[in-house]
Trainee: 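This is the structure, below, for whatever I ask next.
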Amino acid sequence: MAVAEISARGSLADSAARQILEARSDPRVAVDFPVELLGSDFLTPLPGHARDVGVGGLCVATRSMFSLESVRRVAMHLPQGELKLAVEGRWQADSDSEDCFLTGIAFDEPEPTAVRMLWDLVNRASNELAQFLHQQAFLRCLGVDEAMGIAQISRLRRVPNYRCIYHQHRRTPGDDSLFFLRGGAVTLHHRFGEANDVTFATLAPGSVFGGLPFVADVPNLESATACGTSVLIELTRAAYTHLRLARPLLAHRLTEIAVRCHSEHVTNLLRLAARRL
C-alpha cells in the first residue's frame, strides 16, 4: 500500500474521531421535563419532553414529526421557572419503543444568564444520576468520577407497558443500546425456534442490560419488554464510541460490567433451556 494512501486513510480516521468527540464535547445528561417548541410552521406550541440536555442543546421527544427548518424557539418548563431560548433543529429519528419522535436541537447563542441556568441544570441532573448509578450493585465498582462520566453521555427513555425495548437477533440503531433500569421493571425473553417467547428474567431498578451488539459485535441474544412503565437510562452506540475515544479506561470498565451482566442473563437462559430438554 502506498504511503500516500496510508496517510489519507489515517487522516480520514482522525477526522472521524474528531467529529465523534466534538459531537458530544459538552456533557449531555438524561432528563425528563416538559418543553414546548415554537416555529414558523406551528399554529400552536408543540408539546414534548426533554430526553437529554447539555449547555449546547437538548433532545426532545414529541408525538409527531415537524420540519427541522421551521423550529425557532423552545420553552423549557423547569422547577426553577421557564427558560425560553432560540434554537435550531439538527436531526430527527423515530423511537419505536416510546411511540414518539426524537429531535436534536441546538441552542442559538444563549445569553450568559441562560448559560448559567443550563450549567446548573446539567450539574444537578448529572450529580443525581451519578449518585443513582454509583449505588447500584453492578456499578458499585465505579468511582464517583466514572459514574459521572457515564451520566454525562446518557439519554432517558420512558417505555410504556408491554412495549418491546429491543428485539432478539437484531443489532440495528435503537436495538443496540446499553441500558440502566432507573424505574419500573423489564422482562427478558428468548424464542426457542418456532416456539413462543419464554421469559427467563425479570429485572428490577439498578439492572444493566442490552448493549451486546456494540460491546461484543453480535446480535441480541434475547428480547426485552417493559413491564409497567419503565424508565431507562440509555447509552447509545454513538455515546459509547465517544466514550471509547475520550475515556478508554472507563469504556473498558463499562464493557466489563456489561459482559458480567450478560453472563448472568445467559446463565439463567441456559438453566431454562436445560429444563426444556
Side-chain angles (χ1 to χ4, degrees), residues 30 97 129-144 146-147 149-151 153-157 159 161-172 174-193 195-237 239-241 243-244 247-277:
S97 65
L129 180 53
Q131 183 176 2
F132 168 80
L133 295 173
H134 186 58
Q135 291 173 345
Q136 306 313 310
F138 274 111
L139 300 170
R140 204 160 290 147
C141 61
L142 297 177
V144 174
E146 292 174 312
I150 294 174
I153 58 169
S154 64
R155 177 174 295 159
L156 186 135
R157 194 189 289 193
V159 184
N161 192 23
Y162 299 126
R163 189 64 58 85
C164 188
I165 299 165
Y166 61 79
H167 298 80
Q168 182 179 336
H169 300 323
R170 292 191 190 176
R171 51 178 168 185
T172 55
D175 279 299
D176 61 352
S177 296
L178 180 66
F179 296 100
F180 307 96
L181 183 56
R182 183 73 188 267
V186 168
T187 57
L188 302 182
H189 39 100
H190 182 86
R191 180 181 291 272
F192 292 92
N196 294 330
D197 287 353
V198 178
T199 298
F200 66 89
T202 299
L203 307 181
S207 299
V208 181
F209 65 103
L212 198 60
F214 64 69
V215 169
D217 195 26
V218 297
N220 294 309
L221 299 179
E222 77 285 333
S223 298
T225 301
C227 185
T229 298
S230 298
V231 180
L232 311 177
I233 304 301
E234 178 181 14
L235 265 63
T236 64
R237 180 186 289 270
Y240 182 77
T241 302
L243 194 66
R244 287 181 60 191
R247 300 187 63 176
L249 182 57
L250 176 54
H252 177 72
R253 297 194 68 185
L254 185 59
T255 299
E256 290 180 329
I257 291 169
V259 169
R260 286 204 305 271
C261 293
H262 276 292
S263 177
E264 182 177 288
H265 299 159
V266 169
T267 299
N268 292 336
L269 179 58
L270 291 175
R271 288 171 181 163
L272 177 62
R275 290 198 298 267
R276 293 174 61 88
L277 294 178

Trainee: Quick one, L232 and F180 - any side-chain contact, counting heavy atoms below 4.5 Å?
Mentor: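 A side-chain contact is absent here, since even the closest heavy-atom pair is not under 4.5 Å.
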
Trainee: Pair Y166, S97 - check side chain to side chain donor-acceptor pair (under 3.5 Å), show working.
Mentor: CA-CA 8 Å; Y166 61 79; S97 65; over 6 Å; no

Trainee: Tell me whether the rings of H169 and H190 are parallel (<30°), tilted (30 to 60°) or perpendicular (>60°).
Mentor: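 If you compare the ring of H169 with that of H190, the planes turn out perpendicular.
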
Trainee: For the atom pair CZ (R244) and CG (L249), what is the distance rounded to the nearest 0.5 Å?
Mentor: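 If we round to the nearest 0.5 Å, R244:CZ and L249:CG are 13.5 Å apart.
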
Trainee: Can you check whether E234 reaches L156 side chain to side chain, under 4.5 Å on heavy atoms?
Mentor: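 Contact flag for E234/L156 side chains = no.
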
Trainee: For the CD atom of E264 and the CG atom of L203, what is their distance to the nearest 0.5 Å?
Mentor: 9.0 Å

Trainee: Quick one: closest heavy-atom pair of A258 and L178, and the distance?
Mentor: CB-CD1, 4.0 Å

Trainee: Do side-chain atoms of R157 reach the backbone of F179 as a donor and acceptor pair under 3.5 angstrom?
Mentor: no

Trainee: Are the side chains of L270 and F200 in touch, meaning some heavy atoms are under 4.5 Å apart?
Mentor: no

Trainee: Give me the atom names and distance for the closest heavy-atom approach of F209 to A224.
Mentor: CE1-CB, 4.0 Å

Trainee: Do the side chains of L254 and I150 get nearer than 4.5 Å, heavy atoms only?
Mentor: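 A side-chain contact exists here, since the closest heavy-atom pair is under 4.5 Å.
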
Trainee: Going by an N to O cut-off under 4.0 Å, is there a salt bridge joining D176 and R170?
Mentor: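 No, no charged N to carboxylate O under 4.0 Å.
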
Trainee: Quick check: do R271 and N268 have side-chain heavy atoms less than 4.5 Å from each other?
Mentor: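 They are in side-chain contact.
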
Trainee: For the atom pair SG (C141) and CD (E146), what is the distance rounded to the nearest 0.5 Å?
Mentor: 7.5 Å

Trainee: State the CZ-CG distance between R140 and L133, to the nearest 0.5 angstrom.
Mentor: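 R140 atom CZ to L133 atom CG measures 12.0 Å (nearest 0.5 Å).
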
Trainee: Minimum heavy-atom separation for L142 to A147, with atom names?
Mentor: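 In terms of heavy atoms, the two residues are closest at CB-N, 4.5 Å.
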
Trainee: Please name the pair of heavy atoms, one in T236 and one in R155, separated by the smallest distance, quoted to 0.1 Å.
Mentor: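 Smallest interatomic distance, heavy atoms only, reads CG2-NH1, 4.2 Å.
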
Trainee: side-chain contact (heavy atoms from CB on, under 4.5 Å) between S230 and L181: does it pass, once the steps are laid out?
Mentor: CA-CA 7 Å; S230 298; L181 183 56; 4.2 Å; yes

Trainee: For residues H252 and E256, determine if any side-chain heavy atom of one lies less than 4.5 Å from a side-chain heavy atom of the other.
Mentor: yes

Trainee: When rounded to the nearest 0.5 angstrom, what is the spacing between CD in E222 and NE2 in H167?
Mentor: 12.5 Å

Trainee: Go through Q135 and Q131 one step at a time and tell me if the side-chain contact (heavy atoms from CB on, under 4.5 Å) criterion holds.
Mentor: CA-CA 6 Å; Q135 291 173 345; Q131 183 176 2; 3.5 Å; yes

Trainee: Considering residues at least two apart in sequence or located in another chain, which fulfil the ring-ring contact (aromatic ring centres under 6.0 Å, His included) criterion with F132?
Mentor: none

Trainee: Tell me the closest heavy-atom pair linking A30 and S154, and the distance in Å.
Mentor: N-OG, 2.9 Å

Trainee: Looking at S263, is its backbone amide N or carbonyl O close enough to the side chain of T267 to form a donor-acceptor pair, meaning the two atoms are under 3.5 Å apart?
Mentor: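 Yes, T267 side chain to S263 backbone: donor-acceptor pair under 3.5 Å.
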
Trainee: A side-chain contact here means heavy atoms from C-beta on lying under 4.5 Å apart; do N220 and P213 qualify?
Mentor: yes

Trainee: Scan residues 199-211 for pairs that pass side-chain hydrogen bond (donor to acceptor under 3.5 Å, both in side chains), counting only residues two or more places apart or in two chains.
Mentor: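 side-chain hydrogen bond (donor to acceptor under 3.5 Å, both in side chains) check on residues 199-211 returns no pairs.
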
Trainee: Checking side-chain contact (heavy atoms from CB on, under 4.5 Å) for the pair V215/V259: CA distance, chi angles, key distance, verdict?
Mentor: CA-CA 8 Å; V215 169; V259 169; 3.9 Å; yes

Trainee: Tell me whether the count of non-hydrogen atoms from other residues, nucleotides or ligands lying under 6.0 Å of CZ in R237 goes above 12.
Mentor: yes

Trainee: Nearest 0.5 Å please: distance from the CG atom of L212 over to the SG atom of C261.
Mentor: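 Rounded to the nearest 0.5 Å, the CG-SG separation comes out at 11.5 Å.
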
Trainee: Nearest heavy-atom pair of V208 and H265: which atoms, and what distance?
Mentor: O-CE1, 3.4 Å

Trainee: Indicate yes or no: at least one non-hydrogen side-chain atom of I165 is less than 4.5 angstrom from one of T225.
Mentor: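 The answer is no, as the side chains (C-beta and beyond) never meet within the 4.5 Å cut-off.
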
